[in-house]
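Below, read A as the first sequence line, B as the second, and so on, with proteins coming before strands; counting in each chain starts at 1. Values below: all heavy atoms of this structure, side chains included; hydrogens, waters and symmetry mates excluded.
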Protein chains: 4
Amino acid sequence: MKQKAEPKQRLLDAATELFFKQGYHATGINQVIEEAGVAKASLYMHYPSKEALLLAFLQHRHETWFAGLHAATAKAKSPGKKVLAAFDYLQQKNVEEDFRGCAFLNMLSEVSDKEKEALAIIRSHKNELRSFFTQLLHEASPAVQTHVYLLFESAIVESQLYRDQWPVQEARKMVERLLGQK
Amino acid sequence: MKQKAEPKQRLLDAATELFFKQGYHATGINQVIEEAGVAKASLYMHYPSKEALLLAFLQHRHETWFAGLHAATAKAKSPGKKVLAAFDYLQQKNVEEDFRGCAFLNMLSEVSDKEKEALAIIRSHKNELRSFFTQLLHEASPAVQTHVYLLFESAIVESQLYRDQWPVQEARKMVERLLGQK
Amino acid sequence: MKQKAEPKQRLLDAATELFFKQGYHATGINQVIEEAGVAKASLYMHYPSKEALLLAFLQHRHETWFAGLHAATAKAKSPGKKVLAAFDYLQQKNVEEDFRGCAFLNMLSEVSDKEKEALAIIRSHKNELRSFFTQLLHEASPAVQTHVYLLFESAIVESQLYRDQWPVQEARKMVERLLGQK
Amino acid sequence: MKQKAEPKQRLLDAATELFFKQGYHATGINQVIEEAGVAKASLYMHYPSKEALLLAFLQHRHETWFAGLHAATAKAKSPGKKVLAAFDYLQQKNVEEDFRGCAFLNMLSEVSDKEKEALAIIRSHKNELRSFFTQLLHEASPAVQTHVYLLFESAIVESQLYRDQWPVQEARKMVERLLGQK
DNA sequence: GATGAATGAGTCTTCATTCAT
DNA sequence: AATGAATGAAGACTCATTCAT
């Protein structure tokens with residue numbers, strides 16, 4: 001039980017942390033409400049089901065993650081620098097979040113084809129990420145744009161796997177080379 | 001309920017299918033034994049716990065996946081061709097398994113740091129995959145070896161995400177270019 | 001949610017419909033307030049508890065049912081005709097209310113001996129019905145009066161059971177014969 | 001918690017008592033298992049749902065009730081005496097079961113049209129009761145057969161309502177007269 | 001070696017009620 | 001007078017595991 005505040009926000013915060021750390025199915029509603037310090041029925045006041053809470057979590061994560069990305073890349077002077085800054089953002093997140101990887105890819109392996117809404121958010125998140133690179137690299141070839149995206153994705157996944165920054169650092173170097181020879 | 005055969009094998013088969021399709025936590029012990037056509041206590045005869053079944057699943061998947069990889073790459077005449085054949089193997093698996101992606105990366109997002117044994121199998125699977133590429137490309141630079149590995153990984157993950165072969169095909173082309181300029 | 005009007009009346013209307021259709025325990029407070037288009041706390045403003053709402057429902061039903069009975073029997077010229085008109089009233093109610101039977105007997109099977117007030121309303125409703133027949137048939141023997149009452153009661157119950165008018169029609173014929181031989 | 005015995009039977013016994021005494025919706029699964037002295041999951045081993053338990057209860061009650069009826073009427077020498085003995089059976093049940101009335105009519109007011117199976121058992125119980133009278137009175141007119149049935153039904157219902165034997169006794173007298181004049 | 005029955009702790013969800021505004 | 005938010009207790013049901021046979 002925690003301090004009093006906006007219950008809906010506390011529930012979302014608790015769910016965000018737990019779903020991300022432990023996964024969706026491994027996290028029980030009881031754990032969420034205890035962490036949030038909120039009564040069980042209050043959860044169902046604000047979210048009609050556990051799945052609704054999942055969707056809220058994904059949406060919220062989507063927004064904060066991109067807000068962080070834009071903040072982290074804002075200062076970079078050129079598109080190429082911005083791209084590299086995105087990799088630095090990844091390293092920062094790894095440190096902050098103890099190498100839990102990508103919340104969306106993690107969820108992808110837990111949801112079935114039935115949960116269309118969750119899948120839609122996951123896909124739209126990644127589409128927005130691809131757009132981010134495509135727009136920055138609009139002068140480069142589509143092949144290079146996709147190449148950068150794919151390296152970014154493996155950078156997240158592999159650093160989660162090895163609990164180490166090397167995949168991000170290696171991928172960053174590869175991107176640097178890729179953009180240099182353009 | 002299915003036909004009579006080796007119960008232990010049938011349990012492993014059922015678990016393999018269900019854990020891979022639905023995830024570990026989303027799959028109940030009851031579903032496994034029903035699919036296997038085996039009594040509940042029989043499961044615990046052969047596997048002391050659900051987690052033990054998980055480990056057996058991962059181990060089994062590891063072996064069959066690599067057996068498939070070696071079979072699929074055996075006919076290729078050169079190391080470069082073998083690498084490309086690995087990407088073709090990916091496409092084949094996507095079709096066979098309806099784009100369920102990598103069983104090991106999927107499990108990675110469900111297990112916590114506590115489940116050391118599962119993590120160990122997951123990591124050793126990926127290490128063996130890295131070795132596969134490193135050995136084939138022993139004449140190339142370590143950077144290229146890693147680059148191919150990273151593209152291979154995103155190829156799996158992204159084709160699961162989009163339920164489409166394009167990420168494998170694109171990654172394959174990039175690898176082709178990478179190896180061509182060597 | 002419905003149009004604005006007297007909240008207290010709307011609550012009673014909603015409860016009347018739902019308690020009668022689904023039963024008391026099968027009807028939740030949330031369903032009542034949603035049907036009534038009223039806030040939850042407003043319900044507890046007007047009725048201190050769910051049981052109070054039940055009592056109001058029974059009382060209201062008692063009044064409207066007898067109002068209908070008196071209206072339906074008013075035009076009949078003789079006591080005997082009035083008695084028969086009561087059976088016609090039953091048929092009319094069956095049509096209007098889709099053979100839901102007697103709200104009071106239905107509730108009788110849901111309330112325990114503890115809910116004295118509800119029981120009291122139920123019994124007083126039936127006592128008034130007996131009086132209705134007794135007064136109309138004051139020239140007949142007590143045995144006949146009771147006989148008519150009992151046939152009336154089974155007519156309601158059995159038409160609910162079979163969802164058919166035949167029990168009312170048969171009972172009506174028996175009463176006709178009973179009164180004819182007087 | 002009670003003594004060890006066949007759990008399935010104990011569950012049915014507990015459900016029989018509680019559903020009959022309190023009604024279906026007013027009885028929780030927790031109460032049933034506590035009364036039966038059985039674990040929750042054991043209930044769901046034997047009965048897949050609460051509704052399945054309800055059906056078992058109705059079926060069981062149907063069988064025991066008719067077994068009692070046949071036993072109670074067996075000794076009577078003539079069909080007419082058997083019919084009257086049925087009314088005596090009712091009085092006996094009222095004493096034994098504290099005027100809880102008819103389990104089937106009570107349930108009728110709790111189940112909705114959706115629960116087809118429960119409705120089917122209820123109706124078949126009453127059809128069998130009608131058959132019982134029809135066969136005994138096969139020499140009488142259909143009108144008399146139905147008349148007896150209807151009086152029998154009100155006898156149960158009204159004695160439950162008033163918690164008194166008079167409705168059974170009155171109905172019995174009416175039937176006596178009815179059969180006497182035949 | 002194999003099983004069906006049994007279990008305590010857990011799942012997600014809804015209950016009738018109260019409170020601060 | 002009226003409300004949306006909040007709650008503890010209870011709802012039906014499932015979990016992974018064990019045990020007697």
Side-chain angles (χ1 to χ4, degrees), chain A residues 4 6-8 10-11 24-33 36-54, chain B residues 4 6-8 11 24-33 36-54, chain C residues 4 6-8 11 24-33 36-54, chain D residues 1 4 6-8 10-11 24-34 36-54:
Chain A
K4 291 274 164 182
E6 307 293 335
K8 183 164 186 175
R10 293 218 310 285
L11 284 165
Y24 176 65
H25 286 105
T27 300
I29 234 67
N30 287 326
Q31 218 183 336
V32 174
I33 62 167
V38 158
K40 200 173 289 190
S42 300
L43 189 160
Y44 285 91
M45 259 272 305
H46 296 292
Y47 302 97
S49 67
K50 191 189 180 187
E51 197 187 341
L53 188 56
L54 169 63
Chain B
K4 289 274 164 183
E6 308 291 337
K8 183 163 186 174
L11 284 165
Y24 176 65
H25 286 104
T27 300
I29 233 68
N30 287 324
Q31 218 184 336
V32 174
I33 62 167
V38 158
K40 192 171 290 191
S42 300
L43 188 159
Y44 285 90
M45 269 269 309
H46 296 293
Y47 302 97
S49 68
K50 190 188 180 188
E51 197 187 341
L53 189 56
L54 169 62
Chain C
K4 288 275 163 182
E6 309 290 337
K8 184 164 185 174
L11 284 165
Y24 176 66
H25 286 105
T27 300
I29 233 68
N30 287 324
Q31 217 184 336
V32 174
I33 62 166
V38 159
K40 192 172 289 191
S42 299
L43 188 159
Y44 284 90
M45 269 269 310
H46 296 292
Y47 301 98
S49 67
K50 191 189 179 187
E51 197 187 341
L53 189 56
L54 169 62
Chain D
M1 305 173 195
K4 291 271 164 183
E6 307 293 335
K8 183 164 186 175
R10 293 218 311 285
L11 284 165
Y24 177 65
H25 286 105
T27 301
I29 233 67
N30 287 326
Q31 217 184 337
V32 174
I33 63 168
E34 194 190 351
V38 158
K40 199 174 291 190
S42 299
L43 189 161
Y44 285 91
M45 261 270 307
H46 296 292
Y47 302 98
S49 66
K50 190 189 179 186
E51 196 186 342
L53 189 55
L54 170 62

Interatomic distance, Lys8(B) NZ vs dA2(E) P [rounded to whole Å]: 11 Å
Which atom of Gln31(D) lies closest to which atom of Ala26(D), heavy atoms considered: OE1-O, 4.3 Å
Overall bend - the helix from dA2(E)-dT21(F) to dT21(E)-dA2(F), comparing terminal axes fitted on five pairs, nearest 10 degrees: 10°
Of all pairs that satisfy side-chain hydrogen bond (donor to acceptor under 3.5 Å, both in side chains), the ones with a partner from residues 37-54 of chain B, not counting sequence neighbours: Asn30(B)-Lys40(B)
Separation of atom CG in Leu11(C) from atom C1' in dA1(F), rounded to whole Å: 13 Å
dA5(F) OP1/OP2 closer than 4.0 Å to side-chain N/O of Ser42(A): no
Proximity to the side chain of Ala39(D) - top-ranked nucleotide from dT3(F), dA2(E), dG8(E): dG8(E)
Protein proximity profile, nucleotides 16-21 of chain F - base contact B, sugar-phosphate-only contact S, no contact -, cut-off 4.0 Å on heavy atoms: BBBB--
Leu11(D) to Leu43(D) - nearest heavy-atom pair and separation: CD1-CA, 3.6 Å
Spacing of Met45(A) atom CE relative to dG8(F) atom P, expressed in whole Å: 14 Å
For atom OH of Tyr47(A) and atom P of dA6(F), their distance in whole Å: 11 Å
Distance in angstrom units between Leu43(A) CG and dA9(F) P, rounded: 18 Å
Nearest non-hydrogen partners of Ala39(D) and Ile33(D), listed with the distance: O-CG2, 4.3 Å
Spacing of Ile33(C) atom CD1 relative to dT14(E) atom C1', expressed in whole Å: 13 Å
Phosphate-side-chain proximity, His46(B) and dA2(E), N/O vs OP1/OP2 below 4.0 Å: yes
